[in-house]
Novice: 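The structure's right below; bear with me while I get my questions together.
Per chain, numbering begins at 1; letters A, B, ... match sequence-line order. Worth saying up front: this structure is predicted, and the values here are computed from it rather than measured.
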Amino acid sequence: MSAANKMEASSAAHSLSRYLRATGMPLLFLASILATLAIHRDFGAFDVQSLALGALPLAMAATAQAIVVISGGIDLSVGSMIAVANVLSASLMQHASFRQSLGLAVLIILVGAVQGAINGTLIVLSRIPDIVVTLTTGFIWGGVALLILERPGGGAPSDFLEIGAGADLSPVLPNALLLLIVAVGVIWVPIRSSRLGLSLYATGSDPIAAFRSGVDPRLARILAYGLGGVFCGIGGVALTMTTGIGAPLAGAYYTLSSVAAVVIGGVSLNGGRGGVLGPVLAALLLTLLPMDLIFLNIDPNYGQVIQGTLIVLVVMIGGFAAFMQGRS
Amino acid sequence: MSKALALLRGHTILALVLLLAVFVLGIEIARPGTVTPLWVSNALLFAAPLAILGAGQTLVMLTGGIDLSVASVATGSAYILATNAASGDGFALALALVLGLAVGIVNGLGVAVLRVQPLVMTLGTGLMVGGAMTVYSQYMLASQPHVPAMIQTLGAGKLIGLIPVDLFLWAAIAALMLFTLHRTGFGRLLYAVGDNREACHLAGIRVWRVLFLDYVLCALLAAIAGLVLVGGTNAADLSLADVYLLPSVACVIIGGTSIFGGRGGYAGTIVGALILTVLTSILTLLDVPEPVKQILYGAIILSLAAAYARLTA
């Protein structure tokens, strides 16, 4: 093969993998919606609402993970931070009024930000790899959640729960979906297009190059983890809103699933690439799967197997594309 | 003082043994009479499964990888053993090890051949195994799982009331690990690949074969650790080894193996596993609620790892 052909083949493989990365997730999601419609013809407004409600905490976890991964890290304490926000909100809001609950929600989201920033600061200062630090802080935050609420309990005012479960805020979309769009739209979208967002992407892509262009990669990483903490806080409050109680061990699920959503959603774990849309759609997909299994009368426990298989398949396809690229 | 520090820098294993001694001394001072031969024997008994998990984790971390599926594999192998024991001990044992082998092969294919990041690959296979076990357990509700007597002896038995039986298995694995890492070509290749994969490739080494074998061995060791664990508890449930995921990584890190690969060894992991076991014992002696123990455990692991990073920087 001549050099020119070689270049062409490799760039074709490259553009194919880029194309898949950008459009794969929306296409996969569309296909799963169509499949759901085929399985369950009555899939309507009510099911959309329960899908959005069920997916809300995971979508927040996926957004948190995506932001951290984009800036070149990984956060294995996402689930525990969600658990902390969950039990904190359920125990504080139990006897609060609706207005107080809204104030408490803001406060709890700030607690999430602080937790995330602590993760980031520990990573930057100790120079221990992200995986090890967040695996350990995940253990610590898990202990904090158990300290706040030993066993499932607590609650929130019914008006507050109604924000998530209702469909009264907008004529077309269920509230949960609206909340999801607002949370991501109001916090992440402006940051993404600002200098801060650019510095997160730059740090994830190449910290040294980012440093030489005037970005402080250490600060960028702390901010990324802090921002991740904000979304974990929202996720935990959303979990209270959707389940009505606080459960100290409920968070564990979200650590692994958030990484799954990020990988399936096409964000590169090498950092610097990808967005939040893919992981959010992946979170919806991962919530839709067990629903479909129930419609099909299959044990919904297969959901976890499918989730694992999906991760492995997605990364293997990515690896296979790179493998072919390397050979050609 | 600086001379002592320099000595510790050169021989980090000394620092670890010193730390272990300080921990044990601390227990003895806080609660005189705690450290007896029986206490030591129990510490070794509990350290063995962790150290076996740590052996696999050491192998993959030397190449710059990590295996997050070890806990699921250990739980899975224990559960398969207990649910199939009725069809014969040997059959159940073989089936449990086959699970380890199968997961190892899938991990190896992904990491070695398709160059998937180990973190994601093993996270995915861990989820698959965990989910598959949940589904499998639904079909096994009617059966009466039991742990074969042989495995109970392995996980909980003691010779002449003092020497834990699993210590023999651990010693054999440790000897094999140390020999493989320092005296065989495969062992040296693990360090080389962890240090510079590209250079190995250019030197004509088939890197994928090294990595493939590496992940298969890690999963097999995890399956063996699961057997020891279930022998100790005599009850196979689906969250048996969950709590061992963090310690399995932590004992390797504390033991001085770099997560970026190429540096470290199994001797450090052995001491790391002992330190974590003694730490658990200290926390049990402290009369504090479980969540506080969990927080302290995490905080101490983090500070140890940070101190280590400073010492060797």
Novice: Using a cut-off of under 4.5 Å on heavy-atom pairs, state which of B:Gly126, B:Gly131, B:Ala132 scores highest against chain A.
Specialist: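 With the most close heavy-atom pairs to chain A, the winner is B:Gly131.
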
Novice: Drop me the distance from A:Leu256's CG to B:Leu123's CG, to the nearest 0.5 angstrom.
Specialist: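 One finds 5.0 Å between CG of A:Leu256 and CG of B:Leu123.
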
Novice: Kindly compute the distance separating CZ (A:Phe139) from CG (B:Leu296), expressed to the nearest 0.5 Å.
Specialist: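 Here the rounded value is 11.0 Å.
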
Novice: So which residues of residues 272-284 of chain B are in contact with chain A at a heavy-atom cut-off of under 4.5 Å?
Specialist: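 Contacts with chain A: none.
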
Novice: Quick check: closest heavy atoms across A:Gly143 and B:Pro291, and the distance to 0.1 Å?
Specialist: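 Here A:Gly143 and B:Pro291 meet closest at O-CB, 3.3 Å.
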
Novice: If you tally heavy-atom pairs under 4.5 Å against chain A, which of B:Met128, B:Met133, B:Met121 wins?
Specialist: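 Counting heavy-atom pairs under 4.5 Å, the top option is B:Met128.
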
Novice: Would you compute the distance between atom CD1 of A:Ile74 and atom CG of B:Leu119 and round it to the nearest 0.5 angstrom?
Specialist: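 Here the rounded value is 4.5 Å.
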
Novice: My understanding is that only residues two or more places apart in sequence, or in another chain, count here; which of them pass salt bridge (Lys or Arg N to Asp or Glu O under 4.0 Å) with B:Glu290?
Specialist: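 Result, salt bridge (Lys or Arg N to Asp or Glu O under 4.0 Å) vs B:Glu290: B:Lys293.
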
Novice: Going by salt bridge (Lys or Arg N to Asp or Glu O under 4.0 Å), name the residues that satisfy it together with A:Asp130, two or more places apart in sequence or in a different chain.
Specialist: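 For A:Asp130, the residues satisfying salt bridge (Lys or Arg N to Asp or Glu O under 4.0 Å) (neighbours in sequence not counted) are A:Arg221.
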
Novice: Which atoms of A:Val144 come close to chain B, meaning under 4.5 Å heavy atom to heavy atom: side chain ones, backbone ones, both, or neither?
Specialist: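 Both parts, backbone and side chain.
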
Novice: Is the count of non-hydrogen atoms from other residues, nucleotides or ligands lying under 6.0 Å from A:Ile208 atom CD1 greater than 12?
Specialist: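 Not more than 12 within 6.0 Å, no.
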
Novice: Name the region of A:Leu147, side chain, backbone, both or neither, that has any atom closer than 4.5 Å to a heavy atom of chain B.
Specialist: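 Looking at A:Leu147, backbone and side chain both touch chain B.
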
Novice: At what distance, to the nearest 0.5 angstrom, does CD1 of A:Ile306 lie from CG of B:Leu127?
Specialist: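 A:Ile306 CD1 to B:Leu127 CG: 12.5 Å, rounded to 0.5 Å.
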
Novice: Under a 4.5 Å cutoff for heavy-atom pairs, which residue among A:Val132, A:Leu146, A:Thr136, A:Ile131 has the most contacts with chain B?
Specialist: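 That would be A:Thr136.
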
Novice: Around atom CZ of A:Phe211, are there more than 12 heavy atoms from other residues, nucleotides or ligands closer than 6.0 Å?
Specialist: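 Atom CZ in A:Phe211 is not packed in, count stays at 12 or less.
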
Novice: How many angstroms lie between CD1 in A:Ile140 and CD1 in B:Ile300, if you round to the nearest 0.5 Å?
Specialist: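 Output value for this atom pair is 10.0 Å.
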
Novice: I need the B:Ile301 CD1 to A:Thr137 OG1 distance, nearest 0.5 Å.
Specialist: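 B:Ile301 atom CD1 to A:Thr137 atom OG1 measures 11.5 Å (nearest 0.5 Å).
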
Novice: In residues 249-264 of chain B, which residues are in contact with chain A at a heavy-atom separation under 4.5 Å?
Specialist: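 From residues 249-264 of chain B, the residues near chain A are B:Val249, B:Ile253, B:Ile259, B:Phe260.
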
